[in-house]
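Single-structure report; data block below.
For clarity, every value in this text was computed on a predicted model and none was experimentally measured.
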Amino acid sequence: MSSPTMNWLREQAAFAAVLVVLAVGFGYLVAVPTRWGRASGIIAVAVLLAAVLRAATPTSWVGWLAVRGRVVDSACYFLAGALLLAVDIRLHG
């Protein structure tokens with residue numbers, strides 16, 4: 001039998017994965033501020049990861065990644081991640 005805490009943790013696993021990648025990006029930014037382009041790339045990858053997880057994971061498992069419908073959430077996350085990555089590549093390419 002699963003406890004309510006374990007159910008909540010399972011439901012938030014996708015959100016936690018995105019937060020871990022975001023934390024790595026921000027940690028890299030703090031550790032090496034002269035390489036902020038690389039950190040913004042990691043943050044863009046985290047947002048793109050949110051898009052993939054929202055599109056591929058059942059709604060009961062995405063937790064706080066779910067804001068609206070699956071298609072709308074995935075499209076918004078993908079658009080935001082792609083724009084961040086495009087600006088990062090444009091500024092440092």
Minimum heavy-atom separation for A17 and L53, please, with both atom names. CB-CD1, 4.3 Å

Heavy-atom closest pair, residues R54 and R68: NH2-O, 3.2 Å

With the 4.5 Å side-chain cut-off for hydrophobic clustering, are L22 and Y77 part of the same group? yes

Is it true that, when you exclude R10 itself, more than 12 heavy atoms of the residues, nucleotides or ligands shown sit nearer than 6.0 Å to its CZ? yes

Could you report the tightest heavy-atom contact between A14 and V62, atom names first, then the distance? CB-CA, 4.2 Å

Counting only N and O atoms by type, is there a donor-acceptor contact under 3.5 Å from the side chain of R70 to the main-chain atoms of A56? no

Is the closest side-chain heavy-atom distance between N7 and Q12 below 4.5 Å? no

From CD1 (I43) to CG (L29), nearest 0.5 Å: 6.5 Å

Assigning hydrophobic clusters by single linkage (Ile, Leu, Val, Met, Phe, Trp, Tyr; side-chain heavy-atom cutoff under 4.5 Å), is V72 placed with L83? no

Mind checking the CD1-CG spacing from I42 to L49? Nearest 0.5 Å is all I need. 13.0 Å

Quick one: closest heavy-atom pair of V67 and D73, and the distance? N-OD2, 2.8 Å

Applying ring pair (Phe, Tyr, Trp, His ring centres under 6.0 Å) as the test, list every pair that has at least one member in residues 21-49; sequence neighbours left out. W36-H92

Identify whether L9 and W64 are in the same connected component of the hydrophobic contact network (ILVMFWY, side-chain heavy atoms under 4.5 Å). yes

Minimum heavy-atom distance A39-G25, with the two atoms named: CB-O, 3.5 Å

Side-chain heavy atoms under 4.5 angstrom apart, residues restricted to Ile, Leu, Val, Met, Phe, Trp, Tyr: same cluster for V71 and L79? no

Does one hydrophobic cluster hold both L19 and W61, with members joined at side-chain heavy-atom distances below 4.5 Å? no

On a heavy-atom basis, the closest approach of A82 and L48 is N-CD2, 3.8 Å

